[in-house]
Amino acid sequence: MKKITLLVIALFILAACAGSNSTITGDWKLISYGNPSNPTAAISNIDTNIKFDSKGNMSGNVGCNGFGGTYEQKGDTLSFSAIMSTMMFCDETMLQEQGVLSVFSDGVTLQIQLSSDTLTITSADGASVVHLARK
């Protein structure tokens with residue numbers, strides 16, 4: 001009986017640990033973006049950050065301009081709304097920002113793959129991905 005009780009407790013602990021990172025809540029850095037079969041690596045000397053809070057707000061910077069809005073995660077899908085961004089011109093990071101923010105379209109349902117420390121967001125048409133790593 002003790003073995004069964006210990007097994008049940010162990011399974012509850014494993015389930016709790018596995019569920020602790022089942023949401024995208026937290027801080028992430030950009031790893032790559034673009035074509036799923038050949039993504040472009042994030043610019044190495046640029047500090048990037050995308051934050052998803054527990055209240056459905058997101059904010060970030062993937063090169064030059066700050067952006068923010070709201071998000072909703074349902075299982076392995078994600079959607080954004082009301083995304084706003086500053087509009088400074090930054091030649092070095094322009095393509096990176098456009099590549100990432102084009103995936104974060106308002107009202108479009110995106111597919112996500114989430115593991116403990118990596119998040120892949122795939123555009124609705126499957127033509128673009130954004131790969132993030134938990135900070």
Verify same cluster id: Trp28, Ile83 (apolar side-chain graph, 4.5 Å): yes

CD (Gln98) with more than 12 external heavy atoms under 6.0 Å: yes

Criterion side chain to side chain contact (heavy atoms under 4.5 Å, CB included) on Ile112 and Leu119, from CA distance to verdict: CA-CA 7 Å; Ile112 61 172; Leu119 172 63; 4.0 Å; yes

Flag, side chain of Thr86 to backbone of Gly66, donor-acceptor distance under 3.5 Å: yes

Distance (rounded to the nearest 0.5 Å) between Asp76 CG and Thr109 OG1: 11.0 Å

Exam field: side chain Glu97 to backbone Cys64, donor-acceptor pair closer than 3.5 Å: yes

Geometric class of the Phe52/Tyr71 ring pair [parallel <30°, tilted 30-60°, perpendicular >60°]: perpendicular

Thr48 side chain to Leu30 backbone, donor-acceptor under 3.5 Å: yes

Same apolar cluster (I L V M F W Y, side chains within < 4.5 Å links), Ile50/Ile43: no

Flag, side chain of Thr122 to backbone of Gly126, donor-acceptor distance under 3.5 Å: no

Donor-acceptor contact below 3.5 Å, side chain Glu92 vs main chain Met94: no

Full working for side chain to side chain contact (heavy atoms under 4.5 Å, CB included) between Val130 and Leu132: CA-CA 6 Å; Val130 174; Leu132 305 170; 3.8 Å; yes

Derivation of the side chain to side chain contact (heavy atoms under 4.5 Å, CB included) call for Leu101 and Phe67: CA-CA 9 Å; Leu101 293 178; Phe67 59 88; 3.8 Å; yes

Expected output: side-chain Asn65 to main-chain Met88 donor-acceptor under 3.5 Å: yes

Nearest-0.5 Å distance that lies between atom CZ in Phe104 and atom CD1 in Ile121: 4.0 Å

Nearest atoms (heavy-atom pairs only) where Ser115 meets Thr118: OG-OG1, 2.6 Å

Backbone of Ile24 reached by a side-chain donor or acceptor of Gln73 within 3.5 Å: yes

Nearest-0.5 Å distance that lies between atom OG1 in Thr77 and atom CD in Gln111: 6.5 Å

